[in-house]
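Read the structure below first, then the notes.
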Amino acid sequence: MIRFFVLFLLLLALLFGLELTPWAQRWFVEPWTTALARISTSLVTLFDSGVQATGKVIASTSNGFAVSIEAGCNGIEATIVLLAAILAFPAPWKHKLVGVAAGIVAVQGLNVLRVISLFYLGQWNRDVFEWAHLYVWQALIMLDVLVVWLVWVRTLPPVERDAGPGPPPASASAAA
Amino acid sequence: MKSSSGRSPLARFVLAVLAWLPVTFVVWYFAAPLILWPATLLTDLVARAGFGDLVTAVEQNAAVVTFATSLKAGQAIAGGVVAVEVNALLYSFGLPMFAALTLAAHEPHWLRALAIGYAVLVPAIAWGVLADFLKNIAITAAPQVASQAGFSPIQRELIVFAFQFGSLILPTVAPAIVWVLMHRGFLERIRRVAA
């Protein structure tokens, strides 16, 4: 358990520190955020044609309202937390890779919903937008990370408890 | 495996969390002046100990923490000093999240778990508030104010990291970690039912 938590915190600090470097910002964060804006806009245009994406900004062509996807709203930090939790947890690498792939899809899928909902909440009521943006969606995204991690832990093969000093039982190693 | 009620324990837990979240958010928002008071005290203590030459007072009004500093505001406001306001709600929304998780798990001694979790999370809130203040005076303030603060380039980089970590990671990750640590038995049962 201690090993898991130490590894989790180290990976978290490492990945987060890496994310903040200018190199990662230019070659990963910015393209990722731009892609997120485009995907969100593509989905929105299925039912609302008056929306367009420019870089990381999603704008309404009818009333001029726009949202810019900034750090904390692109889902990268939540993905980093999930990656650190899955990679640090004692499990076969095959399970880890599947968990990472499925986890990224789950977290980013909900994040697309967050971006789209905030885009419309902002046009409806600025106070509700601020609340949802600053507090509610932050908690929901992290809850998503926790649930995805719990579901992943449940899919792991049972731990051989009498096979020597192997990995600790799931409950004693959990974190998100 | 499903429970006798037809839903898996994890699904029931998630639904319970979603049901508790609005309640805990409302309580957190309206009780913020009281709930955030210990975090303000800790912030005051650390600010005076670590940055006593910069911080002259730390006060809380509702959920806003105000830092009075010894920094001069500039020539335009002769004699004025800089005060920085920080919205502590930005760094404490993990509290209602932790409370919802704890109440949804419905384990024995949940009240004790809430109290311990709160005590553990107060320093994380103080971290965020203090890092926000430091970011304000060292990074985003006007050059004539930032230069008075006297931070070296390395210290400024550390402040940026502390602020980003305190705003993007700590508010959500800290409650999840504390909750997991305090509910290992609950998690074990969830996994056992699934096996």
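Residue numbers start from 1 in every chain, and the chains themselves are labelled A, B, ... in the order their sequence lines are given, proteins ahead of strands.
Within a 6.0 Å sphere centred on CH2 of B:W28, heavy atoms belonging to other residues, nucleotides or ligands number more than 12. The environment of CH2 in A:W152 is crowded: more than 12 heavy-atom neighbours from other residues, nucleotides or ligands sit within 6.0 Å. Crowding of B:I154 atom CD1: a count of heavy atoms from other residues, nucleotides or ligands under 6.0 Å not exceeding 12. The environment of B:R48 atom CZ is dense: over 12 non-hydrogen atoms of other residues, nucleotides or ligands sit within 6.0 angstrom. By the 6.0 Å contact criterion, CD on A:Q25 is enclosed, its count of non-hydrogen atoms from other residues, nucleotides or ligands being greater than 12. More than 12 heavy atoms of other shown residues, nucleotides or ligands fall within 6.0 angstrom of atom CZ in B:F151. The environment of B:F30 atom CZ is sparse: at most 12 non-hydrogen atoms of other residues, nucleotides or ligands sit within 6.0 angstrom. Heavy atoms of other residues, nucleotides or ligands lying less than 6.0 angstrom from CG of A:N63 number more than 12.
Under the 4.5 Å side-chain contact rule for hydrophobic residues, A:L46 and A:L113 share a cluster. Note: the hydrophobic cluster containing B:V64 does not contain B:L134 (ILVMFWY, side chain heavy atoms under 4.5 Å, direct or indirect links).
The distance from atom CD of A:Q138 to atom CE of B:M97, rounded to the nearest 0.5 Å, is 10.5 Å. Rounded to the nearest 0.5 Å, atoms CD (A:E70) and CG (B:L168) are 11.0 Å apart. Between B:L21 atom CG and A:Y135 atom OH the span is 15.5 Å, to the nearest 0.5 Å. Distance CG/B:L101 to CE/A:M142: 11.5 Å, rounded to 0.5 Å.
Of the two parts of A:L9, only the side chain, counted from C-beta on, holds a non-hydrogen atom closer than 4.5 Å to a non-hydrogen atom of chain B. Of the two parts of A:L20, only the side chain, counted from C-beta on, holds a non-hydrogen atom closer than 4.5 Å to a non-hydrogen atom of chain B. A:A71 touches chain B through backbone and side chain together, each having a heavy atom under 4.5 Å away. In this structure, the portions of B:L89 lying under 4.5 Å from any heavy atom of chain A include both its backbone and its side chain. Interface remark: B:L90 contributes backbone and side-chain atoms alike to the contact with chain A (heavy atom separation under 4.5 Å). For A:L140, the part sitting under 4.5 Å from any heavy atom of chain B is the side chain, from C-beta outward, and nothing else.
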Full working for side-chain contact (heavy atoms from CB on, under 4.5 Å) between B:L18 and A:L143: CA-CA 9 Å; B:L18 293 176; A:L143 180 64; 3.9 Å; yes
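Considering only heavy atoms from C-beta on, B:S8 comes within 4.5 Å of A:R154 through its side chain. Contact of the A:I141 side chain with the B:T172 side chain is not registered, since no non-hydrogen atoms from C-beta on lie closer than 4.5 Å. For the pair B:V173 and A:F16, the minimum side-chain heavy-atom distance is 4.5 Å or more.
Shortest non-hydrogen contact noted between B:F25 and A:V136 is CZ-CA, 4.1 Å.
Options B:F93, B:F165, B:W179 differ in how many heavy-atom pairs under 4.5 Å they form with chain A, and the most are formed by B:F93.
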